[in-house]
Amino acid sequence: MINLRPATSADLDLLRYWDEKPHVISSDPNDDWHWQVELERTPDWREQLIAEIDDRPIGFIQIIDPAREESKYWGDVTEDIRAIDIWIGEETDLGKGYGTKMMQLAITRCFADSSVTAILIDPLASNTRAHRFYERLGFQFIEHRRFGDDECFVYRLSRANWDHETEMCK
């Protein structure tokens, strides 16, 4: 059973360690998360979460309100959207279904707010494995977009698509 808990400054060394993992670097090569500063901040437009199995950290999730996020990374978006970043920390935890479960928990968390109508993600354009992963979860390709130095694909999951996918799994 995977559970999510808030990331804290006690997770600083772990997150820095995960940031040096080749599979994490390859999915997010040009971002500096400024962990030392950001773990101390708790803006109401962001959640930074550690995914755990039996109290063992396995991954990280960030959920933001991109309309309120300070850097305006996503540009001009409506207030009914959320955006998710996710990764698995250890290579040995890849391919076990943990990412799927983590995303399902994050999506459910986003849509628990009845005002949220859709979720955005931005995997690298070159990361075809991530594209298939998100498409299996019901995300739909929206556009090719450059964020800083990164060529990305933007995907969107609408509440209606998630509700439909959830119903099909019952």
Side-chain angles (χ1 to χ4, degrees), residues 1-21 23-25 27-28 31-71 73-74 77 79-123 127 129-130 132-139 155-159 161-167 169-170:
M1 177 81 147
I2 294 176
N3 71 301
L4 303 177
R5 65 162 175 83
T8 69
S9 57
D11 297 305
L12 178 62
D13 290 341
L14 175 65
L15 290 166
R16 284 180 171 164
Y17 170 72
W18 284 347
D19 268 353
E20 299 304 316
K21 294 290 194 172
H23 71 280
V24 174
I25 292 169
S27 69
D28 191 20
D31 282 340
D32 179 347
W33 284 77
H34 306 287
W35 294 119
Q36 191 162 355
V37 172
E38 293 303 321
L39 289 172
E40 296 293 328
R41 289 176 9 104
T42 55
D44 63 359
W45 49 261
R46 177 185 73 196
E47 286 187 279
Q48 292 184 320
L49 305 162
I50 299 291
E52 296 179 325
I53 297 177
D54 298 325
D55 296 324
R56 180 178 69 86
I58 61 163
F60 174 81
I61 296 172
Q62 176 172 261
I63 300 171
I64 67 165
D65 178 340
R68 296 173 57 222
E69 184 266 332
E70 295 152 350
S71 77
Y73 174 86
W74 285 95
V77 296
E79 293 184 14
D80 58 348
I81 304 290
R82 294 296 176 268
I84 297 175
D85 291 294
I86 178 175
W87 67 80
I88 301 289
E90 297 291 339
E91 297 91 338
T92 55
D93 287 328
L94 295 171
K96 295 183 176 179
Y98 298 158
T100 299
K101 185 62 179 165
M102 287 169 60
M103 276 301 291
Q104 290 168 337
L105 290 169
I107 292 166
T108 299
R109 199 173 188 108
C110 291
F111 287 141
D113 179 341
S114 61
S115 70
V116 174
T117 62
I119 300 167
L120 300 173
I121 53 166
D122 63 338
N127 192 344
R129 187 173 173 199
R132 287 191 302 271
F133 171 74
Y134 294 123
E135 289 165 3
R136 279 194 308 272
L137 289 166
F139 283 84
Y155 282 85
R156 182 179 188 274
L157 176 66
S158 69
R159 179 184 291 275
N161 279 7
W162 176 249
D163 289 343
H164 176 74
E165 293 289 323
T166 305
E167 270 307 306
C169 293
K170 288 183 180 178

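Everything numeric here is computed off the predicted structure, so don't read it as measured data.
Contact check for Phe133 versus Pro123: no side-chain heavy atoms found under the 4.5 Å cut-off. You'll find the side chain of Leu49 stays beyond 4.5 Å of the side chain of Gln62, heavy atoms only. Side-chain contact check for Asp54 versus Met1: every heavy-atom pair is 4.5 Å or farther apart. A heavy-atom distance below 4.5 Å is not found between the side chains of Val116 and Ile81. Between Ile86 and Met103, some side-chain heavy-atom pair lies under the 4.5 Å cut-off. Side-chain contact check for Leu157 versus Ile107: some heavy-atom pair is nearer than 4.5 Å.
For the ring-ring contact (aromatic ring centres under 6.0 Å, His included) test, residues two or more places apart in sequence or in another chain that qualify with Phe139 are Tyr134. Residues satisfying the side chain to side chain contact (heavy atoms under 4.5 Å, CB included) criterion with Ala106, sequence neighbours excluded, are Ile61, Ile63, Ile84. Legend: residues meeting ring-ring contact (aromatic ring centres under 6.0 Å, His included) with Trp74, ordered by chain and number and at least two apart, are Phe147. For Thr108, the side chain to side chain contact (heavy atoms under 4.5 Å, CB included) criterion is met by Trp162, not counting sequence neighbours.
Ile50 contributes atom CD1, which lies 12.5 Å from atom CZ of Arg56 (distance to the nearest 0.5 angstrom). For the atom pair CG of Leu4 and CD of Gln48, the computed distance is 13.0 Å after rounding to the nearest 0.5 Å. One finds the OG1 atom of Thr92 at 7.5 Å from the CG atom of Leu94 (value rounded to the nearest 0.5 Å). To the nearest 0.5 Å, the span separating CD on Glu38 from CG on Leu12 amounts to 12.0 Å. For the atom pair CD (Glu70) and CD1 (Ile64), the distance works out to 10.5 Å, reported to the nearest 0.5 Å.
Applying the ring pair (Phe, Tyr, Trp, His ring centres under 6.0 Å) rule to pairs touching residues 44-64 yields Trp33-Phe60, Trp35-Phe60, Phe60-Trp87, sequence neighbours excluded. Judged as a salt bridge (charged side-chain N to carboxylate O under 4.0 Å, His left out), the pairs with a partner in residues 95-112 (not counting sequence neighbours) are, in order, Glu47-Arg109.
Remark: side-chain polar atoms of Glu69 are paired, donor with acceptor, to backbone N or O of Ser71 under 3.5 angstrom. Asn127 places a side-chain N or O within 3.5 Å of a backbone atom of Ala130 that can act as its donor or acceptor partner. For His34 (side chain) and Leu39 (main-chain N/O), no donor-acceptor pair under 3.5 Å exists by modelled atom type. Of the possible donor and acceptor atoms, one in the side chain of Arg46 sits under 3.5 Å from a partner among the backbone N and O of Arg41. A donor-acceptor pair is defined here as one N or O able to donate and one able to accept, closer than 3.5 Å; such a pair exists between the side chain of Asp113 and the backbone of Ser115.
Looking only at atom types and distance, the side chain of Asp122 has a donor-acceptor partner in the side chain of Tyr73 under 3.5 Å away.
Residue Ala51 comes nearest to Ile2 through the heavy atom pair CB-CG2, 4.1 Å, listed as atom of the first residue, atom of the second, then distance. Closest non-hydrogen pair, Ile119 versus Cys110, comes out as CD1-CB, 3.6 Å.
By the 4.0 Å N-to-carboxylate-O rule, Glu79 lies too far from Arg68 to be salt-bridged with it. Asp11 has a carboxylate O that lies under 4.0 Å from a charged side-chain N of Arg5, or vice versa, which qualifies the two as a salt bridge. The pair Asp80-Arg159 fails the salt-bridge criterion, with no side-chain N (NZ, NE, NH1 or NH2) lying under 4.0 Å from an Asp/Glu carboxylate O.
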Inset, instruction - Evaluate side chain to side chain contact (heavy atoms under 4.5 Å, CB included) for Asp93 paired with Glu90, printing each intermediate quantity in order. - result: CA-CA 5 Å; Asp93 287 328; Glu90 297 291 339; 3.9 Å; yes

Inset, instruction - Evaluate the criterion side chain to side chain contact (heavy atoms under 4.5 Å, CB included) for residue pair Asp65 and Arg82; output intermediate values, then yes/no. - result: CA-CA 5 Å; Asp65 178 340; Arg82 294 296 176 268; 3.6 Å; yes

